[in-house]
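This report concerns only the one structure given below.
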There are 2 protein chains.
Amino acid sequence: MTVDHLDPTPLWKQLAAVLRQMIESGKLKPRNPLPSESTLQQEYGVSRGTIRKALADLRADDLIVTIAGRGTFVKPHS
Amino acid sequence: MTVDHLDPTPLWKQLAAVLRQMIESGKLKPRNPLPSESTLQQEYGVSRGTIRKALADLRADDLIVTIAGRGTFVKPHS
DNA sequence: GAGAATTTGTACGTATGTATG
DNA sequence: ACATACATACGTACAAATTCT
């Protein structure tokens with residue numbers, strides 16, 4: 001799964017979909033850290049702003065938790 | 001009084017405000033030692049760097065004096 | 001005085017937060 | 001969407017100063 005710059009769908013939405021799938025499929029497990037924003041930039045070839053937009057989307061859906069200076073983690077099922 | 005990681009105000013500013021208040025209220029008296037940086041870390045749940053930034057702020061205002069190997073003390077009124 | 005423990009000083013490295021162009 | 005810059009925050013490691021045993 002990756003992101004397509006030619007696809008008219010906003011990159012951040014594409015990326016959010018990819019990450020969402022990784023979480024829901026269990027590839028990323030609860031309490032596990034997501035790759036850092038810097039790493040995600042390299043992996044998906046998009047800017048940090050786009051990364052952060054995607055993360056904000058997942059965060060709004062309570063799928064992840066972000067801690068400054070720490071990282072972003074898959075939210076444990078409460 | 002404590003600090004709130006969700007509050008948008010920088011943690012070091014929040015902590016500086018807390019300590020400042022303890023000094024101005026007389027809860028911490030002149031020549032009295034502040035808790036060590038290690039203790040402050042545990043009490044407020046923030047990193048040492050954040051602690052030191054808060055202390056640096058009070059030091060800049062001449063409210064405290066720090067001595068290496070000894071500790072940090074409330075500055076006596078000159 | 002020796003050695004361990006405690007406290008502050010300094011320097012990195014990494015990660016997120018925010019603002020600007 | 002991208003690039004850049006700086007601020008904020010965490011963590012680690014080691015050095016230096018002081019105190020305690």
Side-chain angles (χ1 to χ4, degrees), chain A residues 1-20 22-23 28-76, chain B residues 1-20 22-23 28 31-76:
Chain A
M1 263 300 188
T2 178
V3 171
D4 179 7
H5 283 256
L6 299 182
D7 189 320
T9 308
L11 292 176
W12 69 266
K13 274 197 182 182
Q14 295 184 44
L15 178 57
V18 171
L19 296 175
R20 199 183 305 270
M22 292 176 72
I23 293 173
L28 283 174
K29 298 181 175 54
R31 286 177 224 279
N32 276 34
L34 273 69
S36 72
E37 295 176 356
S38 159
T39 299
L40 289 174
Q41 276 188 72
Q42 298 170 24
E43 286 184 355
Y44 293 95
V46 296
S47 73
R48 193 181 163 207
T50 299
I51 299 288
R52 289 177 62 75
K53 260 197 175 74
L55 294 181
D57 191 59
L58 300 191
R59 198 151 45 232
D61 285 349
D62 249 33
L63 287 177
I64 59 175
V65 179
T66 297
I67 307 175
R70 282 293 193 81
T72 298
F73 307 84
V74 180
K75 201 164 188 180
Chain B
M1 265 300 189
T2 180
V3 295
D4 179 7
H5 282 258
L6 301 182
D7 189 318
T9 307
L11 293 176
W12 69 265
K13 275 196 184 180
Q14 294 184 45
L15 179 56
V18 170
L19 297 176
R20 199 184 305 271
M22 289 175 73
I23 293 173
L28 283 173
R31 287 177 233 277
N32 275 33
L34 273 70
S36 73
E37 296 176 356
S38 159
T39 300
L40 290 174
Q41 275 190 75
Q42 298 170 24
E43 286 183 353
Y44 293 95
V46 297
S47 73
R48 195 182 160 209
T50 300
I51 299 288
R52 289 179 61 77
K53 205 152 202 188
L55 294 181
D57 191 60
L58 301 191
R59 205 175 302 121
D61 285 351
D62 250 35
L63 288 176
I64 59 177
V65 179
T66 298
I67 307 174
R70 293 254 290 149
T72 299
F73 306 84
V74 180
K75 200 164 187 182

Using a heavy-atom cut-off of 4.0 Å across all strands, would you classify B:K53 as base, sugar-phosphate, or nothing?
sugar-phosphate

Let's see if you can work this out: which of C:dG9, D:dA3, D:dA9 has an atom nearest to the side-chain heavy atoms of B:A68?
C:dG9

Is it true that B:K75 and B:D62 make a salt bridge, defined as a side-chain N closer than 4.0 Å to a carboxylate O?
yes

Looking at every strand, decide which applies to A:G49 at a 4.0 Å heavy-atom threshold: base, sugar-phosphate, or nothing.
nothing

Figure out the CD/C1' separation between A:E37 and D:dA9, and round it to whole Å.
13 Å

How many Å lie between CZ on A:F73 and P on C:dA15, as a whole number?
10 Å

Over how many whole Å does the gap from B:I51 atom CD1 to C:dG9 atom C1' extend?
16 Å

How close or far is atom C1' of D:dA9 from atom CG of B:D7, stated in whole angstroms?
15 Å

Looking only at side-chain N and O atoms, does B:R48 come under 4.0 Å of OP1 or OP2 in D:dC10?
no

Using atom CG of B:L55 as one end and atom P of C:dG9 as the other, report the distance to the nearest whole Å.
9 Å

Take B:I23 and B:L58 through the test side-chain contact (heavy atoms from CB on, under 4.5 Å) and record every step on the way to the result.
CA-CA 10 Å; B:I23 293 173; B:L58 301 191; 4.2 Å; yes

Nearest whole Å is fine: how far is D:dA9 P from B:Y44 OH?
16 Å

Nucleotide paired to D:dA1 in any strand shown, Watson-Crick or G-U, under 3.5 Å:
none

Counting distance only, does the side-chain N/O of B:D61 pair as donor-acceptor with the main-chain N or O of B:L63 below 3.5 Å?
no

Does A:D4 offer a backbone N or O that forms a donor-acceptor pair with the side chain of A:Q14 under 3.5 Å?
yes

Does B:P8 reach a base, just sugar-phosphate, or nothing at all? Heavy atoms under 4.0 Å.
nothing

Pair B:T2-B:V18, side-chain contact (heavy atoms from CB on, under 4.5 Å): steps then yes or no
CA-CA 7 Å; B:T2 180; B:V18 170; over 6 Å; no

Distance, rounded to the nearest Å, where B:L15 contributes CG and D:dT8 contributes C1'
14 Å

I need the CD1-P distance between B:I67 and D:dT18, as an integer number of Å.
9 Å

Does C:dT16 have OP1 or OP2 under 4.0 Å away from a side-chain N or O of A:R52?
no

Any side-chain N or O of A:T72 below 4.0 angstrom from OP1/OP2 of C:dT16?
yes

Would one find a side-chain N or O of A:T50 under 4.0 angstrom from OP1 or OP2 of D:dC2?
yes

